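See structure below.
Every chain is numbered from 1 and lettered A, B, ... according to where its sequence line falls, protein lines coming before strand lines. Please read all numbers here as calculations on a predicted model, not as lab measurements.
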Amino acid sequence: MKRILASLLEFVRLTGEQVELFVQVLLRLHHTWKRRALIGDQLYVGGIKVLHVVLLVSFSMGMVVSLQTGIELSRIGQQDQIGLIVAVSMAREMGPFITATILAAAVGSALAAELGTMAVSEELSALEVLSVDRTSYLVLPRLFALAVLCPTLTVLGDTVGIVGGGLVARSQLGVGLELYFDSAIDALQTPGVLIPIPKDVYIGLLKSFVFGIVIAIVSCSAGMRTSGGALGVGNATRAAVRDSIILVIILNYFMTWAFYQQN
Amino acid sequence: MDAEVVIRFENVRKAFGKKVVLDGLSLDVHRGETLCVMGPSGTGKSVTLRHIIGLLQPDSGRVLVEGQDMRTIPRKDLIALRKRMGYLWQDGALVNWLSAGENVALPLRENTTLEDAEIRRRVQERLELVHLPDVYDKMPPELSGGMRKRVSLARALVTDPEIVLYDEPNTGLDPEISMSINLLIRELARKLNITSVVVTHLVSCIRVVANRVVLLDAGSIVLDAPPEEFVASEHPRVKRFLRPPHD
Ligand SMILES: Nc1ncnc2c1ncn2[C@@H]1O[C@H](COP(=O)(O)OP(=O)(O)O)[C@@H](O)[C@H]1O
Ligand SMILES: [Mg+2]
């Protein structure tokens, strides 16, 4: 009982720290231009690290969705709907989630390890003593880069996923590419209420944007909190990946609920 | 000495969990003075320095720097005060993805509006001061431990601090470089009237740089004396520290 209470308190404290870090970054958003070189580095390094993984995974997920639903749909003679199913599930759920998971595992972990190493080798203390604003210097560029990378990669992932689905639909289920893409594009036409881009696309992108921020905040905060040498860095890295994926899953549910409940 | 007090510890106690590190430490450092702090490893020498720069707060007692209580000092004043202080980290604490030169340049780039050329000029000058004229573009992992430490010293000095805290400035350096660092510390103190606190366990260092030496042991000061007197002391704890019994 006491243990549960303690870990609950720890959870509340951690969340508080993460929220505070996020607010601190927001207060420094006007530093973004000054930090453009650092942001560029982060975008480049992060993008290079995960681009091929996102494309590969999205492509095969598109193929899997197409195959699975296609078999069922052709049983009831509805195979012309495959494009719709693949497009909608990629744009709404799979794309953002796949990208976020890969980013958390590859970029979030690296980021936590990097900041964690800085913490245990006293680099963070040194920056503090030199009056270098660590939130602006370290966290802002990473957060900005992830908030841009996650939606961008999601769009690419969605696209190759839909293409992958189309190839399977044609070769395995005998659905023509034209029919497939017509139904896919049609599916994404439901316009948004406020914004002229299709609802499924922009909600997917909004999700990815939030996921990018979540991964950055959780990983930076885990890294900067690190203590206890190399072992501590390992723990921080693990915690960063675990916590950001859990948070992504929870937030994903709530965002889906918030945007689609009426339909 | 009746010079102005720059750093004052008043009965400072600091514990990490159950482990008491500082236990009633009281100490004054005067303007322009070089105080050496000696003591066995793990007694809290680095912890003492961290209190001076406001990275740690005492559990009880007070730490005053330039008359300001480091526990209650407003953030803005703390930043202003830190800009007048330099800190040499025991392990260098250089930022790994910046070149040596850019590490030294960092405080200038972050906190001043100086032109790039002027920053480079000042950085190069400090690098030469620590006998590393050719390392501007080297990355920290390419440098030896002793070189990283000297780059860290250059970084501590680049903002022309009035108070410099040195955490083991010559551990890990070969004797020749070590002596040149000692001479540099002394020269800075004399020429620029810098107030220095030097954590060291080398008698060679205190002989060159110190005006006063204290032995920190078990959380408080065991002996406070001028260097010659310190080295010759018959105090049992000092003797054990300086000349450990052989068996
Ligand atoms: N942030 C910290 N958390 C917990 N213990 C610490 C911390 N900093 C220092 N200590 C402990 O305080 C003691 C003194 O450390 P330190 O001042 O680094 O010793 P030294 O005299 O060798 O510089 C050590 O036992 C160390 O483990
Ligand atoms: Mg130490």
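Remark: side-chain polar atoms of A:Ser136 are not paired, donor with acceptor, to backbone N or O of A:Asp133 under 3.5 angstrom. Side chain of A:Arg36 to backbone of A:Trp33: a donor-acceptor contact under 3.5 angstrom is found.
If you check the side chains of B:Thr195 and B:Glu33, you find no donor sitting under 3.5 Å from an acceptor. For the 3.5 Å distance criterion, the side chains of B:Asn193 and B:Glu162 fail to qualify, holding no donor opposite an acceptor. Between the side chains of B:Ser46 and B:Asp167, at least one donor N or O sits under 3.5 Å from an acceptor N or O.
When heavy atoms are compared at a cutoff of 4.5 Å, B:Leu55 approaches chain A solely by way of its side chain, counted from C-beta outward. For chain B, the nearby part of A:Leu127 is the side chain; its heavy atoms alone come within less than 4.5 Å. Using a 4.5 Å cut-off between heavy atoms, B:Leu78 does not touch chain A at all. Only the backbone of A:Ser121 comes within less than 4.5 Å of a heavy atom in chain B; its side chain stays farther off.
Taking the salt bridge (Lys or Arg N to Asp or Glu O under 4.0 Å) definition, one finds that B:Arg109 meets it with B:Glu102, B:Asp116, sequence neighbours left out.
Within the cation-pi definition used here (under 6.0 Å to the ring centroid, within 45° of the axis), B:Lys14 qualifies as a partner of B:Phe16.
Below 4.5 Å, heavy atoms of chain A meet no heavy atom from residues 65-73 of chain B.
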